[in-house]
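Note sheet for the following structure.
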Amino acid sequence: MNAATGDDREQERPARYDARAIEAKWQAVWAAEKTWEVASPGEPGFDPEKPKAYVLVMLPYPSGEPHVGHLKVYSVGDAIAHYRRRNGYRVLQPMGYDSFGLPAENHAIRTGEHPRISTERSIASFRRQFLDWGVSIDWSRELSTSAPDYYRWTQWIFLRLFEAGLAYRTEAAVQWCPKDQTVLANEQVIDGRCERCGTEVVPKKLEQWYFRITDYADRLLADFDRLESWPEHVVTMQRNWIGRSEGAEAVFRCEEPGIDFPVFTTRPDTLYGATFFVLAPEHPELDRLIEGTGNADEVREYVAAALRQTTGERGDEDREKTGVRLERTVVNPVNGESIPMFVADYVLMEYGTGAIMAVPAHDQRDFEFARKFDLPIRQVVAPADGSEVPAGEAFVTQSEDVRIVNSGDLDGLTPAGAKRKIIDELEAEGRGRLAVNYRLRDWLLSRQRYWGCPIPIVHCPECGSVPVPDDQLPVELPDIEDYRPKGKSPLATASDWVETTCPRCDGPGRRETDTMDTFVDSSWYFLRYLDPRNTALPFDRRIADHWMPVDQYIGGVEHAILHLLYARFFTKALADAGLIGVQEPFANLFTQGMITRDGAKMSKSKGNVVDPAEYVSRYGADTARTYVCFMGPPDRGGDWVDEGVDGVQRFLSRLWRLAAELPSDADRAGAFDRDWQRGTSGPVRELLAKSHWAIDKATRDFERDFQFNTVIAAVMELVNDAYRLRGELGTDDGARALAFAAATAGSLIFPFAPHLGSEVWEMVEGGRVWEVPWPAADEELLAKDVITLVVQVNGKLRDRIEVPADADEARILELVHASERLDAYLDGREPVKEIVVPGRLVNLVVR
RNA sequence: GCCGGAGUGGCGGAAUGGCAGACGCGAUCGACUCAAAAUCGAUUGUCCGAAAGGACGUGUGGGUUCGAGUCCCACCUCCGGUACCA
């Protein structure tokens, strides 16, 4: 008979956990009292006693409705924010929208609706849902990057970079997306396809705006040391993307018509093995080189064909090598040898100098090319033990157990030694030098699209590219009739807007009609949050220096390179301009894993999309939020399972009922009294100890890389124990223990289920849980008098014994030897070794 | 190819070198109910055994250790990133 709840309370039908009512109640409190607003130094309400914590989730692109990825990232971010607040920090958690961008513009092309209208609609629904989820945001700082009072400062910063020589315009081969009709940055081309629409990109020669991010390559690498905690793989990805490689530049001279061709090589030690020389089809000296030679037309034809290829086709490694031999030769600077020249599309203009020395014996690509064109292959690196190298492939090795051969005075040296010697020689003769090369290229920022931040430049036939003066900012985006891109920016059709006067000479000028890549907008938004209503500057340096860096940044790993690299670059450039003190924007980074459904990425075409709003209205925000944190470690992905949501709902209901069905207030007063707690025994003590265990476990797992799944599991255990012990707790002490357990569970679950946590706390203790410090476990209640020790024989579990917690090794062994169970396993043998791990186990080793 | 990450019950996942499988889902049984749902409780790695108990068990093969899911070596599979980068 289960009599625990069988009192007359049941006559009035037990109330049920009404998540929506509870959530509306607390959201109203937070909105009315502006609970999550936080002051900067000098503002009223600023509390200098508390340390600051800037907790930031990557700003969303507002398109349609938030999806589960947003639910997860804000659930994680908010849990961290709440945890920090209750640990005594002044937490800033702002919100904004990355509201320029292609989807809104494409929508405008389809429907004719102005992107501003559809964007505002999306922002409204994002805002509504974030409020509905009860995220603890300082809404007074809300911003959107497409608002003139925001992009005014994006333009202002662009002009500072322009003045510093970090923004420039030049003609170069760029990646063009034929569908979106715009150029793309290298970072936005994935496997030769447009990151946004998946169309194959094609090369195109255009005059475009760039940021000189390559100037910062070394600092971007070195300053990984300044970060507190970033996922190692993100750092590695950025390292690889920057792609620093050390080597040498060597100059090969073509006597006729007299052109020096520098090449970059990471293997100057193999210079003697160079048997031919290859130029990229785009090489600027090619025309001059072939002028008047017998096969100039053939070469031109090859080049034209190469340029027509999509980036994907050209990048295909498996394709057979192609190329054309030029009727020219170059001289190898180390041995004076004349070697034939080729043009081939496997050499890229964007990397190095667009020309290579080919060492077929030790480079797979050169090897394939040499085979195809029947060129000599000269081995210059050999295993130190004199063994043969495989014939059908290039001999490529990082090993130092090799020696240089067939290379004059380099013979017998290791590659490292040969590199040093050859670079010294090249430098002495002025035919080369030590060189460092990067994979990273300058950031192409102009886009031939409408819905972006206008570039504040006027083109003047007299003065060139002239910056718009600061006092004329913002250069506002004009309204236009037709959004369709036509190979140039739709802005070009707004002739009233385009035609202007030159700020420098007052003559006629034309506005720059390209807009900025939206990644520019999001490269500094974390600074605007700090001083969002400043009308004189993008932000006040003193305020920014107070809050920066972001203490905890949270977002998807898909931004590991793009956004995070750009934002790091911007921060350094702004620091160099004296606008801010920090060198790195994000001290700690947490990347959350992607939620799938039925094991697959969610997509409309698969019909497996989870709409968070649907779950929030059915189960409540607390259930949805707690569920995404409970699925597994938040930095890993997880599969959305409806039954799992039910499980979390069940748990939250149990917690609510535990609080709702507590005995009357009078019986349970003093539940938090430590002296009383320490004096208890039996089931009362057991439940109190479990409560303190949960506090300790939750706190440790919170600190340990945000292991939210086990934090929540600990609270579940506490609630389960409370139910299990409830029947044995019919005394006043029992009522107090239950009250303490329920209040503690509410307090610990609050970062994930803030509404329920507040409600439970209010029901049990009264007051506001977010104003109560994060609980600390009582060591004395954590400690046990009697502990169970595991006894092993030869590493196999054979017995358990109860020992006093303070028993020493001798006493433990005495108890072990008293065990009759063990005799069978020992079989009369004397242990040769007895290992005692206090508090853990005993292992008897017998032979 | 290169660089990361991960392989543990029917499923998601727990385990500072020390009781493998916490917690949740699912499943089975029981209580309540006319019945069902909800709720509460119990059981739930595999094999042998009536039971007591025993053997096996963390992708594979070896190693270190009193003791290995955890550390080392070699390999396999999956996932992510990246790639004619000279």
Side-chain angles (χ1 to χ4, degrees), chain A residues 1-2 4-6 14 16 190-191 231-237 239-241 243 245 247 263-267 270 278 314-319 321 344-348 350-359 362-366 368-369 396 437-440 557-558 560-561 593-594 627 630-633 635-648 650-651 653-654 657 697 700-701 704 707 709-717 720 723-724 726-727 788-800 824 831-835 837 839-846:
Chain A
M1 155 108 189
N2 180 1
T5 55
R16 285 190 22 254
I190 315 287
D191 290 333
E232 195 50 47
H233 65 277
V234 173
V235 173
T236 304
M237 279 164 71
R239 266 214 175 91
N240 293 341
W241 188 263
S245 42
V263 298
F264 174 76
T265 175
T266 53
R267 297 299 305 272
T270 63
V278 192
R314 174 133 173 215
D316 184 2
E317 231 175 308
D318 299 332
R319 216 181 74 221
K321 296 278 177 290
D345 63 7
Y346 81 92
V347 174
L348 309 175
E350 310 90 76
Y351 189 77
T353 61
I356 62 157
M357 64 168 200
V359 183
H362 305 293
D363 181 285
Q364 191 57 34
R365 297 152 299 174
D366 298 345
E368 287 163 21
F369 194 84
V396 183
N437 204 26
Y438 300 90
R439 212 185 78 108
L440 181 72
V557 74
E558 65 273 16
I561 296 172
M594 194 178 53
Y627 174 62
F630 182 63
M631 292 170 79
D635 57 342
R636 284 199 246 150
D639 207 55
W640 183 283
V641 180
D642 281 356
E643 287 76 14
V645 183
D646 289 331
V648 169
R650 206 140 44 214
F651 156 63
S653 300
R654 277 160 66 81
R657 275 202 323 273
K697 170 80 175 156
R700 277 187 290 118
D701 289 353
R704 186 161 60 96
Q707 282 250 330
N709 52 331
T710 54
V711 173
I712 294 163
V715 184
M716 286 175 168
E717 282 196 55
N720 288 346
Y723 271 83
R724 186 171 58 80
R726 204 153 64 150
T788 305
L789 274 193
V790 167
V791 185
Q792 297 178 337
V793 176
N794 285 345
K796 283 192 190 302
L797 173 67
R798 294 304 185 194
D799 197 10
R800 290 167 217 272
V832 292
K833 203 165 180 181
E834 293 171 330
I835 289 157
V837 184
R840 288 275 183 192
L841 56 61
V842 177
N843 190 13
L844 305 179
V845 185
V846 294

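Chain identifiers are assigned alphabetically (A, B, ...) following the order of the sequence lines, protein sequences preceding nucleic acid strands; residue numbering begins at 1 within each chain. Values below: every heavy atom of this structure, side chains too, minus hydrogens, waters and symmetry copies.
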Atom [atom1] of [X] and atom [atom2] of [N]: how far apart are they, to the nearest Å?
| X | N | atom1 | atom2 | answer |
| --- | --- | --- | --- | --- |
| A:Glu558 | B:C79 | CD | P | 19 Å |
| A:His233 | B:G4 | NE2 | P | 12 Å |
| A:Ile835 | B:G18 | CD1 | C1' | 10 Å |
| A:Trp640 | B:G24 | CH2 | P | 19 Å |
| A:Asp799 | B:A52 | CG | P | 16 Å |
| A:Gln364 | B:G1 | CD | C1' | 10 Å |
| A:Asn843 | B:C19 | CG | C1' | 12 Å |
| A:Tyr627 | B:C25 | OH | C1' | 9 Å |

Without swapping roles, check the side chain of A:Tyr627 against the backbone of A:Val641 for a donor-acceptor pair under 3.5 Å.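 Yes.
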
Of all the choices, [options], which nucleotide is nearest to the side chain of [X] once you look at every atom?
| X | options | result |
| --- | --- | --- |
| A:Met716 | B:G41, B:G26, B:G24 | B:G24 |
| A:Arg657 | B:A55, B:U39, B:G67 | B:U39 |
| A:Arg654 | B:C66, B:C25, B:C40 | B:C40 |

Using Watson-Crick and G-U wobble pairs whose two distances are both under 3.5 Å, how do you write the pairing of RNA chain B as dot-bracket, with | for links to another strand? (((((((..(((.....[....)))((((((.......))))))((((....))))..(((((..]....))))))))))))....

For B:G45, glycosidic torsion class - syn if within 90° of 0, otherwise anti: anti

Under a 4.0 Å threshold between the charged nitrogen and the carboxylate oxygen, would A:Asp701 count as salt-bridged to A:Lys697?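 The answer is yes: the pair qualifies as a salt bridge.
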
So, using side chain to side chain contact (heavy atoms under 4.5 Å, CB included) as the criterion, who are the partners of A:Arg239 when residues are at least two apart?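 By the side chain to side chain contact (heavy atoms under 4.5 Å, CB included) rule, A:Arg239 matches A:Leu221, A:Phe224, A:Val235.
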
Euclidean distance for [atom1], [N] against [M] (whole angstrom):
| N | M | atom1 | value |
| --- | --- | --- | --- |
| B:G63 | B:A68 | C1' | 11 Å |
| B:C2 | B:C11 | C1' | 35 Å |
| B:G67 | B:C71 | C1' | 13 Å |
| B:G24 | B:A42 | P | 12 Å |
| B:U8 | B:A22 | C1' | 13 Å |
| B:G1 | B:C75 | P | 12 Å |
| B:U16 | B:C25 | P | 24 Å |
| B:G21 | B:G7 | C1' | 15 Å |

RNA chain B nearest-nucleotide lookup for A:Leu841 and A:Ala714: closer to the 5′ end is A:Leu841

RNA chain B: A:Ala713 or A:Gly647, which has the more 5' nearest nucleotide? A:Ala713

Taking any heavy-atom pair under 4.0 Å as a contact, classify [X]: base, sugar-phosphate, or nothing.
| X | result |
| --- | --- |
| A:Asn794 | nothing |
| A:Arg700 | nothing |
| A:Glu834 | nothing |
| A:Val845 | sugar-phosphate |

Starting at the 5' end of nucleotides 80-86 of chain B, put B wherever the base has a protein heavy atom under 4.0 Å, S where only the sugar-phosphate does, and a dash everywhere else. -SSBBBB

Indicate for each nucleotide in nucleotides 6-16 of chain B, in 5' to 3' sequence, whether protein heavy atoms under 4.0 Å reach the base (B), only the sugar-phosphate (S), or nothing (-). ------SSSSB

With sequence neighbours left out, write down each residue that passes salt bridge (Lys or Arg N to Asp or Glu O under 4.0 Å) with [X], or none if nothing qualifies.
| X | result |
| --- | --- |
| A:Arg267 | A:Asp269 |
| A:Arg365 | A:Asp363 |
| A:Asp639 | none |

Out of the candidates A:Asn843, A:Leu841, A:Asp799, only one should pair with A:Val790 under the side chain to side chain contact (heavy atoms under 4.5 Å, CB included) rule; please name it. A:Leu841

Criterion side-chain hydrogen bond (donor to acceptor under 3.5 Å, both in side chains) on A:Asn240 and A:Arg439, from CA distance to verdict: CA-CA 8 Å; A:Asn240 293 341; A:Arg439 212 185 78 108; over 6 Å; no

I need the minimum non-hydrogen distance between A:Pro831 and A:Val846, along with the two atoms involved.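 Heavy atoms of A:Pro831 and A:Val846 come nearest at CA-CG1, 3.7 Å.
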
Which atoms form the tightest heavy-atom contact between A:Arg800 and A:Thr788, and what is the distance?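 Heavy-atom minimum between the residues: CB-CG2, 3.9 Å.
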
Would you say the side chain of A:Arg798 lies within less than 4.5 Å of the side chain of A:Val791, judging by non-hydrogen atoms? no

Name all residues meeting the side-chain hydrogen bond (donor to acceptor under 3.5 Å, both in side chains) criterion together with [X]; count only those two or more places apart in sequence or in a different chain, and write none if there are none.
| X | answer |
| --- | --- |
| A:Asn437 | none |
| A:Arg319 | A:Gln309, A:Asp345 |
| A:Thr266 | none |

For A:Phe651, all residues meeting ring pair (Phe, Tyr, Trp, His ring centres under 6.0 Å), sequence neighbours excluded: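 For A:Phe651, no residue satisfies ring pair (Phe, Tyr, Trp, His ring centres under 6.0 Å) once neighbours in sequence are set aside.
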
Might you list the N or O atoms of the protein lying below 3.5 Å from N or O atoms in nucleotides 42-45 of chain B, with each pair's distance?
none

B:C56 phosphate, OP1 or OP2: any side-chain N/O from A:Lys796 under 4.0 angstrom?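 For A:Lys796, the contact criterion (side-chain N or O under 4.0 Å from OP1 or OP2 of B:C56) is met.
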
Check the orientation of A:Tyr346 and A:Phe369. Use parallel for under 30°, tilted for 30 to 60°, and perpendicular for over 60°. tilted

